[in-house]
Structure formats: structure tokens, C-alpha cells
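So you know, we letter chains A, B, ... as the sequences are listed, proteins then strands, and number each from 1. Just so it is clear, the model here is predicted, and its values are computed rather than measured.
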There are 2 protein chains.
Amino acid sequence: MLYSLIKKQGITRVGMTISTVDKIIEIAELQVRAGGYNSFSFREISKEIGIKSASIHYHFPTKADLGVAIANRYTARFEEHLANIIASTGEPLERLEPYIALFSHALKVDKKMCLCGVLASESDVLPEALQLEAKRFFDVNIAWLQSALFPQSPQAKAQACFILASLEGALLMGKVMKSNTPFEHVIEQLRSQSWK
Amino acid sequence: MLYSLIKKQGITRVGMTISTVDKIIEIAELQVRAGGYNSFSFREISKEIGIKSASIHYHFPTKADLGVAIANRYTARFEEHLANIIASTGEPLERLEPYIALFSHALKVDKKMCLCGVLASESDVLPEALQLEAKRFFDVNIAWLQSALFPQSPQAKAQACFILASLEGALLMGKVMKSNTPFEHVIEQLRSQSWK
DNA sequence: ATCAACCTACCTACTGATAGGTAAATTGTA
DNA sequence: TACAATTTACCTATCAGTAGGTAGGTTGAT
């Protein structure tokens with residue numbers, strides 16, 4: 001009862017058992033971020049966890065269901081980080097640096113693309129529910145950047161799109177060029193902008 | 001004799017027969033740009049052309065070979081466009097607008113991602129030869145932007161990365177959001193930059 | 001006794017790839 | 001010019017492997 005509550009909420013701490021559902025989503029996320037929706041499989045995930053692929057269908061009836069769950073958790077975590085940035089900063093423009101750090105972490109620590117960046121690039125062939133969930137990540141980010149960084153600016157939305165696009169693109173370039181330099185160049189340019 | 005020469009060079013005009021090889025690459029490119037490397041198949045291509053999938057193996061022994069051919073043609077065409085921009089402009093900064101138009105065409109006419117943008121985002125799971133070919137697209141673009149737009153600037157490379165990243169990211173956003181607005185916002189910001 | 005969370009044992013559909021064959025075009029030689 | 005040798009561009013048939021998905025059985029905790 002308590003256990004299942006913990007599992008439903010997905011709470012995991014050091015020493016605490018990670019639920020199968022969380023393991024499935026975690027491994028699936030890494031696989032999607034490495035190679036896209038079509039390159040992750042129930043069999044591959046089941047091997048890494050040590051259960052059978054049929055058992056994954058118990059938790060996620062279809063691949064699309066699991067795909068949506070991955071994107072949903074990813075965006076939810078991102079939203080937590082965004083809220084933390086608001087809570088720990090004063091000046092709006094102070095928030096650019098910790099925002100950049102979220103993407104920097106993906107490239108340098110995870111060494112993976114942004115999940116929704118990958119999904120966006122192959123949007124055409126995704127199940128519709130997953131397309132919508134991927135889109136939501138961008139909606140959330142644009143809305144946050146607008147209000148958190150440029151609350152007064154008439155070009156807030158354009159600037160928000162500009163920042164998000166350049167960071168997603170920078171990840172993309174960093175991955176394929178196997179170098180952090182392009183990403184560094186991009187954030188250097190973002191920092192030196194005269195935002196108004 | 002003349003015919004095989006035409007085919008080898010891949011020259012195609014109105015009323016001229018398009019070689020099977022060109023048809024294969026053309027259809028494959030569209031499929032990759034829609035859903036990535038793992039979402040195109042020999043069978044799907046063969047159906048659309050009206051030949052058997054085994055026949056595609058005659059022209060391209062492995063899927064990786066075809067993948068490289070697609071990326072190679074894509075970058076070659078891009079390089080032609082880049083050369084045309086140089087030829088038809090005087091001032092370096094005049095070249096930004098026609099460069100943007102190359103990406104605008106992908107989103108608004110093709111309604112597809114940049115081929116190498118898709119490949120970059122799933123770089124980790126690609127055959128190595130294809131990874132390198134995708135990387136080359138970015139090397140070519142960065143080098144061109146540096147010398148064609150900012151021949152004198154000490155931050156030429158950073159600015160080149162910035163432009164390319166923001167345009168790739170803008171395509172990505174345009175696709176998933178099913179809207180041209182994010183792309184428009186990005187190029188509006190690019191235009192209003194005070195490049196030095 | 002119930003029920004969540006697995007399991008075994010399948011299925012169908014599709015993947016890239018290979019073997020072996022063929023008609024037609026091309027090429028080299030006499 | 002004639003003809004044999006070779007090449008091109010396909011074909012049919014089949015392979016092993018993998019994909020997502022399902023029906024029904026087992027296990028273990030409440």
C-alpha cells in the first residue's frame with residue numbers, strides 16, 4: 001500500500017527500491033535520446049532490467065503509451081527545474097544561465113540529446129499522442145522563457161523561440177560533431193546578446 | 001553509352017528519364033527526413049518505385065551504403081546552393097538572407113526537417129560512415145558561414161555555429177509545433193543581430 | 001481469496017540481406 | 001560485320017532475426 005503509493009508517485013531516493021515502471025521509463029528514455037523513437041524496443045529494455053518483454057506490456061499496453069509516459073516524465077522534471085530557477089533567482093536575466101545549464105547537462109553529463117528535440121525531429125512518424133506530448137515541451141519552455149526572462153519585452157516570444165531553438169540546435173551539433181565546442185560557441189553568443 | 005553517362009552523373013531534366021538510383025535516393029531522403037534513419041526501409045522504397053527490394057541491394061549493398069549516398073547527395077546539393085549565393089551577392093552580410101532561405105525552403109516547401117539535422121539528433125545509433133557524412137554537412141556549413149559572412153570577424157566561428165544551430169533548432173520546432181511562427185521568430189532575431 | 005506483477009509460449013508482420021536466375025544491353029575481338 | 005563474353009539491372013524465393021502484441025498460467029503478498 002505504502003509501497004505502491006511510492007511507486008505511483010515515482011519517488012526514488014538512495015537506498016529505496018526503484019519501481020519497475022520507473023526503470024522501464026528510465027531505460028527507454030536513454031534509448032530514445034540516443035536514437036529516436038524507432039530505435040528503442042521492449043525487448044531491449046526487458047533485457048536490461050531483467051524481466052520479459054511481455055511484462056512491459058503489463059505496465060504499458062502499447063509502445064505509444066510508453067513513449068508518451070517517457071515524454072511526460074521528461075517534461076515534468078524539466079518543469080521542476082524551471083520552477084527551481086524561478087525560486088532561486090531575482091532578476092529575470094539572471095535566469096538565462098541556469099536555463100542554459102539544463103541543456104549543458106544533457107550534452108556534457110548525459111551525453112545525450114534533449115528527449116523532445118529528438119522526438120521533434122522525427123515528429124512526422126510518431127503516434128499522434130506522442131507528437132502532442134513532444135509539442136507540449138516546447139510550449140512549456142517558450143511560455144516559461146517569455147514570462148521568466150522577458151516579462152516586459154514586446155519581443156519576448158521571439159526571443160524565447162530564439163533561445164530555445166539555438167540551444168536545441170546546439171545540442172544537435174554537439175552530438176554529431178562529437179565536440180562541446182559548437183555548444184560553447186552558441187551559449188557564448190547567447191550570453192553576449194543585448195536582450196531588451 | 002550516352003545514357004549510362006547521364007545516369008552516372010545523375011543529370012535529370014524535364015522529359016528526361018530519372019535513373020532508378022536517383023529515384024531510390026530521392027524517396028529514401030524524404031523518408032529519412034520525415035522519420036529518421038530507422039524509419040526508412042528497402043521494401044517501402046521498392047514499393048513506391050515499383051521494383052523489388054532485392055534490386056535496391058544491387059545498387060546499394062547495405063542500408064548504410066544507401067544512407068551515406070543520401071547524405072552525400074544532400075550535402076553536395078547544399079554546397080551548390082552555397083556557391084550560388086557567393087556568386088550572386090557582393091557584401092558578405094547580404095548572404096545571410098539567401099542562406100536562411102535554404103532552411104525556410106525545407107520547412108515551408110518540403111515541409112521536412114533538414115536531412116542532416118535529423119541524422120545528427122540520432123547520431124549515436126547510426127553506422128559510423130553515416131555519422132561522419134552527417135558531421136561533414138555541419139563542417140561544410142560552419143566553414144562557409146565563417147568565410148562567406150564574417151571574413152574579418154574574430155568571432156566568426158562562434159557566429160557561424162550560432163546561426164546554424166538556431167536555424168536547425170527552428171526547423172525542429174517548426175515541425176513539432178506544426179507552425180511556421182517559431183521559425184519566423186528565429187529568423188527575425190537573426191536579422192536584427194548586430195553582426196560584427 | 002484476491003489481485004498485482006510477473007511468467008511462458010506464442011503470433012503476425014516486417015527487417016535487411018543473400019542465393020541464384022534471366023533478359024537485354026554493352027563491349028572486345030576476329 | 002559477326003559473335004562470344006561480359007555487364008547491367010532487374011527478378012523470385014528464401015533466410016534468420018527482430019518488431020510489437022496477446023492469451024493464459026504462476027507467484028506471492030495482503
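Listed by chain and number, the residues in a salt bridge (charged side-chain N to carboxylate O under 4.0 Å, His left out) with B/Glu184 are B/Lys108 (sequence neighbours excluded).
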Kindly give the atom pairs (protein nitrogen or oxygen, nucleotide nitrogen or oxygen) under 3.5 Å for nucleotides 8-15 of chain C.
unit_1: C/dT15; atom_1: OP1; unit_2: B/Ser41; atom_2: OG; d: 3.1

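The line from CG of B/Asp22 to CD1 of B/Ile25 is 6.0 Å long, rounded to the nearest 0.5 Å.
Atom CD1 in B/Ile49 sits about 15 Å away from atom C1' in D/dC11, given to the nearest Å. Summarising the geometry, the separation between CD1 on B/Ile24 and C1' on D/dA9 is reported as 10 Å, rounded to the nearest angstrom. Atom P of nucleotide D/dG20 and atom CG of A/Asn38 are separated by 9 Å, given to the nearest angstrom. Atom CD1 of B/Ile56 and atom C1' of C/dT18 are 15 Å apart (whole Å).
Listed nucleotides D/dT8, C/dA17, C/dC7 differ in distance to B/Tyr58; the shortest reach to its side chain belongs to D/dT8.
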Residues 154-165 of chain B, side-chain donor-acceptor partners within the protein, below 3.5 Å, at least two apart:
unit_1: B/Gln155; atom_1: OE1; unit_2: A/Gln189; atom_2: NE2; d: 3.2
unit_1: B/Gln159; atom_1: NE2; unit_2: B/Lys196; atom_2: O; d: 3.4

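Proximity of A/Phe78 to A/Cys114: side-chain heavy atoms (C-beta onward) are nowhere separated by under 4.5 Å.
Judged purely by atom type and a 3.5 angstrom limit, A/Gln131 uses its side chain to pair as donor or acceptor with the backbone of A/Leu126.
Salt bridge status for B/Glu26 with B/Arg73: present, with a side-chain N to carboxylate O gap under 4.0 Å.
When the side-chain nitrogen and oxygen atoms of A/His57 are compared with OP1 and OP2 of C/dA5, none of them lie within a distance under 4.0 Å. Taking 4.0 angstrom as the limit, B/His59 places a side-chain polar atom (N or O) nearer than this to OP1 or OP2 of D/dC10.
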